[in-house]
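Let me begin by presenting the structure, written as structure tokens, before commenting on it.
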Amino acid sequence: MNAPPSYAVTERPLESLGIGAAEESAYVALLDHPEATLAELSSALAWPSRKVQRLLVSLQAMGLVTVAAGEPRRFVPASPDIAIEAILSRREDALRRARAEIQRLQQRATDGAGTRQQMIELITTREAERHVFEQMQHAARHELIFLERPPILIAGPEQASTTQVDAIARGVRYRSIADQAFLAIPGVVGRIRADMEAGEEVRVVSQLPFKMVMADRNVALIPLDLERPGSPSLLVRSSALLDALYSMFEILWERAAPIAVTSAGQLHTGEAGTRLPPEADQLIPLLAAGLNDKAIAYELDISASTLTRRITDIMQRLDAQTRFQLGWLAARHWSPSDKDIPIR
């Protein structure tokens with residue numbers, strides 16, 4: 001004999017819409033038993049009739065259930081694609097209104113605290129710093145960038161955090177620049193590998209002057225004294241200083257060496273040229289020298305179609321939009337002695 005279906009809810013995707021676990025279970029049961037009576041639904045759920053009655057009243061108020069005409073009273077579940085979509089729309093409207101309110105509240109905070117304090121704020125406790133960092137990740141809509149150097153102020157497991165995974169899943173770009181001393185810290189390579197597998201982009205430079213995390217070019221968090229654990233951090237909001245910090249990051253990013261995870265799970269670093277195909281060692285010097293396609297094809301003893309295919313491949317790898325840009329990038333990035341350097 002088959003066991004009756006269980007309507008216990010384990011995952012709660014509808015919780016964010018204000019639908020409780022018991023309400024969701026009752027709605028799902030009603031989808032399985034459309035036009036059920038109170039007694040039939042109570043039997044299916046194995047719950048007291050009084051409890052089911054309360055849930056049905058709540059589901060009616062949310063627009064998820066209607067009552068059919070006639071006796072006995074039968075309850076009809078609303079179509080999920082219409083009813084739940086309507087709830088989502090109402091929630092989205094509420095979120096838009098709340099987001100619009102942020103500017104008014106921010107202006108009030110500025111008027112009360114003063115412009116200077118508003119642009120730059122001192123975070124004096126580790127707990128407050130951790131809270132701000134979590135808020136930055138939750139609120140980010142476009143990008144988070146990091147400068148990583150010793151010491152590690154907040155130790156973490158060798159796996160990407162749920163907050164980071166969720167942010168990347170909703171389209172937030174993560175970019176980190178680490179220095180060699182940071183990579184030498186035990187356990188860091190495992191963390192970086194996990195972050196990259198989650199979708200983070202990481203590059204390395206020889207040395208960084210300070211640590212930083214910035215969200216959406218809107219706010220940045222900078223520890224002030226790296227030699228003293230627990231020392232204050234600086235919270236910098238939109239300003240000329242923040243713009244300068246972002247420009248500095250982009251300059252460092254352009255000059256930093258990319259890191260890649262090999263099929264064996266090891267981290268390797270090298271100049272951008274190491275990501276190019278082997279035939280680029282012969283092709284790039286000719287491009288950089290300004291030779292035309294006919295001369296390059298003759299020098300390499302290849303057909304014009306093969307040359308076009310190789311040039312197109314290199315343009316895509318260097319993200320070049322024109323042949324002129326390709327020549328400039330090729331001359332800038334290529335070095336015949338570039339080799340991947342394993343990071344241990």
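Values reported hereafter were calculated over all heavy atoms of this structure, with side chains retained and with hydrogens, waters and symmetry mates removed.
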Note to self: Please verify the inter-ring angle class for Phe133 with Phe146; under 30° counts as parallel, over 60° as perpendicular, anything in between as tilted.
What the structure shows: perpendicular

Next item on the list: Return the set of residues passing salt bridge (charged side-chain N to carboxylate O under 4.0 Å, His left out) with Glu148 (not counting sequence neighbours), or none when no residue passes.
Entry: Lys211

Note to self: Checking Thr306 against Ser303: is there a side-chain donor and acceptor pair closer than 3.5 Å?
What the structure shows: yes

Note to self: I'd like to know if Ile87 and Val76 are part of one continuous hydrophobic network [Ile/Leu/Val/Met/Phe/Trp/Tyr, side-chain heavy atoms within less than 4.5 Å].
What the structure shows: no

Notebook entry, point to check: Do other residues, nucleotides or ligands put more than 12 heavy atoms under 6.0 Å from the CD atom of Glu92?
Noted result: yes

Notebook entry, point to check: Any luck finding a side-chain donor-acceptor pair between Gln135 and His131 under 3.5 Å?
Noted result: yes

Check: Crowded around Arg170 CZ? As in, over 12 foreign heavy atoms under 6.0 Å?
Finding: yes

Check: Would you say the side-chain atoms of Glu23 and Tyr27 include a donor-acceptor pair closer than 3.5 Å?
Finding: no

Margin query: When you group the ILVMFWY residues by side-chain heavy-atom contacts below 4.5 Å and let the links chain together, are Val52 and Val67 in the same group?
Written below: yes

Note to self: Salt bridge check, Glu143 against Arg217: does any charged N sit closer than 4.0 Å to a carboxylate O?
What the structure shows: no

Next item on the list: Go through the side-chain N and O atoms of Ser176 and Glu201 and say whether any donor and acceptor fall under 3.5 Å apart.
Entry: no

Note to self: Within the 4.5 Å heavy-atom criterion, are Leu224 and Leu122 side-chain neighbours or not?
What the structure shows: yes

Margin query: Taking the side chain as everything from C-beta on, heavy atoms only, tell me whether Phe75 gets closer than 4.5 Å to Glu35.
Written below: no

Next item on the list: Verify, without hydrogens or angle tests, whether Ser43 (side chain) and Ala39 (backbone) share a donor-acceptor contact under 3.5 angstrom.
Entry: no

Notebook entry, point to check: Is the closest side-chain heavy-atom distance between Met119 and Val236 below 4.5 Å?
Noted result: no

Next item on the list: Would you kindly confirm whether Ile302 and Tyr298 end up in one hydrophobic cluster when ILVMFWY residues are joined by side chain heavy atoms under 4.5 Å apart?
Entry: no

Check: Looking only at side chains, do Glu200 and Gln164 share a donor and an acceptor under 3.5 Å apart?
Finding: yes

Notebook entry, point to check: Taking Asp179 for the side chain and Leu208 for the main chain, is one N or O donor matched with an acceptor at less than 3.5 Å?
Noted result: yes

Note to self: Applying salt bridge (Lys or Arg N to Asp or Glu O under 4.0 Å) as the test, list every pair that has at least one member in residues 64-82; sequence neighbours left out.
What the structure shows: Glu40-Arg74

